[in-house]
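Letters A, B, ... mirror the listed sequences (proteins, then strands); counts begin at 1. For clarity, every value in this text was computed on a predicted model and none was experimentally measured. Scope of the values below: all heavy atoms of this structure, side chains included, with no hydrogens, waters or symmetry mates.
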Amino acid sequence: MKEPRGLLSTILGRLLVAALAPLLIVSVASHVISKSAIEQEARADSGRAIEMVALRIEAHLSWQLKMVQQAKLQLLVSRGKIDPNALLDAVVEDVASFESLVLHDRRGTVVAVGLPRERRGERGEFIGLDLSRQPNLANAAGDGTAGRWSDVFPSVIAGHLALSTGDRFDLGTLVATWNLEHLLTRMSEVDAAFPGQLVVVDRRGTVLYHPDPIVMMQRQTWLSGRQLTLARSGVQFVPDFEHEGRRMPVSLRYLAETGWTVIGVHDTQASAAALRQIQVSLLGLVGFATLVAIGLALNLGRRVSRPLEKLARAVQSLALKGPRVELSEQPNRELAALATVFGQMEEAVRLREELLSRLADALSQETGMGALERVSRAASQMFSSDVVLIGSVVDGRIIEPRVVLVDGERIDCESFPLVGSAFELLGTSDSCIEVASLNIRFKDSIWVTRFGVQTLWGRAVRSESLGPHSFLAVGYRGQAVLPIHACELLGLLAARTSAEIYRLQAEAARRLAEAKENETQVALVQAQKLDAVGTLVGGVAHDFNNLLAAMLGFNELAIESCESGDDPRDDLKEVRRTIERARDLVAQLLVFSRPNSEETKRIDLCASVTDAMRLLRSAIPSAIQIETRFERDNLYIGANVTHLQQILVNLCTNAGHAMPNGGTLRISVGRQLSDDDSSAEIVLGVSDTGVGMPPEVVQKAFEPFFTTKPVGKGTGLGLSVVHGLVTAHQGKIGIESKVGEGTKVTLVFPEAADGLVAPSVTEELTVERGRGEQLVVVDDELTLGVWLERTLSRLGYRATVFADPSLAIAYVTGHADAVALVITDLTMPKLNGLELVLRLRQSGVTCPVVLATGNASRVSEEQLAGLSIGCLLHKPYSSAAIGRAVASALAASRQSHAP
Amino acid sequence: MPRGSKRRRRCNSPIWLTLLLLWLGCGCSNAKVKVGFVGPLTGRSADIGTAARDGAILAVEERNRLGGLRGQSVELLINDDKNSPDEAARIDTGLVGQGVLGIVGHVTSVACLGGVPVTNKAKVPLVSPTVSTNELSRKRDFFFRVYPASAQTASLLAQYVREARGYSRVAIVLDLGNRAHSESAADSFTARLSTLGGRVVHRLPFVSAQEMRFSPIAEAIRAEEVDVVYVLANAMDTAMLAQQLMKQGKSIPLVASDWSMSNEVIQYGGRAVEGLAALHTVQRESKVAGYVAFQVAFVARFGREPTFAAVHSYDATRLLLRAAEGANSSFEVARRLVQLGPFDAVQGRIELDEYGDVERKHWLVQVKDGGFHEVNP
């Protein structure tokens, strides 16, 4: 859109129009009138002139035609008696304008030539010429009538441009050739008296006469075909005759006898000069009027435009919150009134802006109680109230009124029933309403009793099903009236508080639901794990029985060797190896039975698979062959050991169940690049050659409680839990299966970045020996206690063994100075190891303690530190392990007690 | 925005008032692009001169009706070189001084040789409709033409005379008034004829003048055994020579150049020019749309049929104006002339070579029953 014009240019434009329009109208009118008058005059002048020219030409030509007629008669009369050449010579001599007079025979051949005296010697050259095709001859003699003149043509006899006329008669055709120069001379005489320019053209429009002899000689075409037609039709004046791109007024006169046209070109110079004079004076007047208009416009502009521009600046400044523009004294009444109205408007705008700013502040994105308090504070300021209350309705009570502000201070307020309160009235309307005279109508309400409120303005937000849900109200200790826009704003604030209350309630509900869901999930995983343990126990028990049988067998052999005096050491070594295998078996099972912990470590997946296989081998029927294939060692993932074991047990167990008649279970670990090549992934594949699953079963495989196994053989949670655990490890799980061919489950985990690699524990071979320190051993398994006593005495300690913890406590407290260290089992029927140590510490015993346990996860780091337990010994332990534990605990104690 | 208020605003605009003031004060003055025309408009060669002038006038008028050049109308400055080299040089100097973008002309070779040094020096393109002299061939200068050089036409004619007609003894009558054309054509003809086994037995020069007598030349020809006469003269002189030969009872076939082949040769030659043959660069009975349109327009404008000079001049003028379309100086016009590529002339496509010369197709034309007729050689 175009920018509108300024006031100054508008005024200038209007003034110019007012000043110039009449002047211009008069000027143009006088210009047109004078032009027309000049034209009329010229037209009349030239009309007369060309009429005279035409008459003279016609008279001249008719005389010459008569002469031709006369010559014809003489030729006819003499008919062979007189030499025709001499006769024609005589006529040429009489008519000075004739170049030649030629008699052609009927075929057009020249038979006689009349020439001026000086050219008669050339006669022989011309006689005998065949000029039958010469156009002037054909033209002139065309219909036998005299009086036709030819077009201009270069005459072979005259030797230059000429005209001719002729007459056909019995003897042939007589052609008179006429020198154009004669016409030129005649015309020059007339032309001198003519006011403009005189031109004569022949019937083809070619110039016969023109003041410029060159134009004539060049045979220029002066009239076009259309203009010739115009002249022939009798038109005598053409105001805008076009010639060589110029337009001019001309008078035309057509000569019927010869077909020529006489053209009078008017002299436009004189009329142009008169017109020019008019134009110059008009220009002067217009210039003067323009200057006056500009002066007036500038003056008006200064008085009106500038104050208006200043006003515009003030409005702009207001819009852009710029500095206030002072509108000084105005030059006239209207502008002064405008300035006053603007001042009032400015004040109103600034007030409203302030209100909007507060509203914006109140509606900010802050959430929670802070938002409610912010809204309350804004309402208090916006409506200048004494009290503000925000509350929500639950079970017919205004519960925990969220925020009550009295004079800007937040005050706690108890819940109260909705019915019978002023809020009940507010809840009846969808708009902001007033509850007046509270001190009379609700004199027992807290409003009156606690805050002394008389008038309440408020708004309830209602839901269709439950009625009023929340309130926002402002109270006044006196009477108060809120204008309509304030009511609207109160409605806005009420809506905002209502939304926030809804949100807070919804959030609380969501948190509760989440907590419940979390508990359910943990329980689910644990339950499934127990299910898996159940599966394992059968196999493990079988292995364990085998090991026990081996131990018993070798032990009996050792006893027999001792009894027979043989060396029992080989047998005893076998016993030891068997015990170590049992220890490993138990360690695996323990890993699986640990409660879920959040700990995620960098784990070598290959090693984990190997460990799991040890355990699983027993649980999987021997008809199933197990193959493990690792692309390479040390493929690390970040995982929780327990969860990983659970995943493997579930997958392998499922595979086992899928091969009731035996088959091959393949477990592979490999490494690959992720789809976008940005990182590496570790792939675990578990496949079987079992019965396989149809696609519809595969689709549901990860759904909880979905199982194809008979009742009692599975919980239907296995793959669902695996899916959940893998996802929790940022892994992906895929399953491919074909009925009759088998199933392959592929797990993909992100590779764990290089970090701390768990150092491999190497058993130290050297054990520091004791120096006869007094040790107390507490273990409810007496055989183990006896073994410990013997082992420790071999290591250079003195050990006293107790099966009952309370006896041990009594002994240690009684010999606190003598006892250098206490070794206690954690799990004991009457009093566990931790309680024992607590009692000792409470009795003031500070000696170091070694806590032995079969399940270290039952003790936390904090518990150990709190009871100053320096060392944790994992069961089952070797004599070397107990030696190192005791030595290190004693050394630590010595260091801490060192001065 | 409402229509009415827009109109009111427009009427009130001081800009319009200012324009009105300018109109009142100054009137309208349109700048024009100037183009020259030079040719013999008076004298015995005026037939081709005026025909060429009218061709140029028609081309310029048509151009102006289509909006002129770069929004300016074209003004054709017409001048008469009187078929004289001195006059040609004087006229061209004047035209250069007037700032023309280019000149259409000259029409005769003799005048052209006088004008070319002037236009070359001023770097103003001179586009000739009809100049044929070999002297201006194959030169990288400011001379251009839409008409083939004598060497091409005269050699072809010699071949026709010798091979198609079997003539061997030829007399050449040549007008030394237009020496540049007549001598180069006569030389090319002679050279080609001798290679074909013919011979020029008589070379009869004359200078065309107003009171020229041709009976002595006719007598000289009669005295020799001549198979054919090759006339290199204007139409009227050719006609007069033919008339004198006929008067002396000598029926000798005549061949001529384009120069002779105006309507005037028939009008003045009568039965004497029956059988006169020439190689024409214009096909008179052509029904090509462009030519027919040109022919109709020419007749309407000038009341007579266009001759070969009018056709070529019309082409030369259009070519010059076409080159001037994107040019701001005469030098640029000249540069563009050789870069234009193929140009649609009224009787087919032509193309200037790097020297500004052109090759054209030829048609054998003969006078028969008082008219020109195309015949197969």
Donor-acceptor pair, side chain of B/Gln267 and main chain of A/Leu131, under 3.5 angstrom: no
Determine whether a donor-acceptor pair (N or O, by modelled atom type, separation under 3.5 Å) exists between the side chain of B/Gln243 and the backbone of A/Gly128. no
B/Arg70 CZ: over 12 foreign heavy atoms closer than 6.0 Å: yes
Below 4.5 Å, heavy-atom pairs only: which of B/Glu75, B/Gln244, B/Arg304, B/Arg301 has the largest tally toward chain A? B/Gln244
Sort out for me which of B/Met236, B/Met246, B/Glu264, B/Lys247 touches chain A most, counting heavy-atom pairs under 4.5 Å. B/Lys247
Given heavy-atom pairs under 4.5 angstrom as the criterion, report whether the side chain, backbone, both or neither of A/Ile127 touches chain B. backbone
Might you point out which heavy atoms bring [X] and [Y] nearest each other, and give the distance in Å?
| X | Y | answer |
| --- | --- | --- |
| B/Arg213 | A/Gly121 | NH2-O, 3.6 Å |
| A/Leu129 | B/Met240 | CD1-SD, 4.2 Å |
| A/Arg133 | B/Arg271 | NH1-N, 4.0 Å |

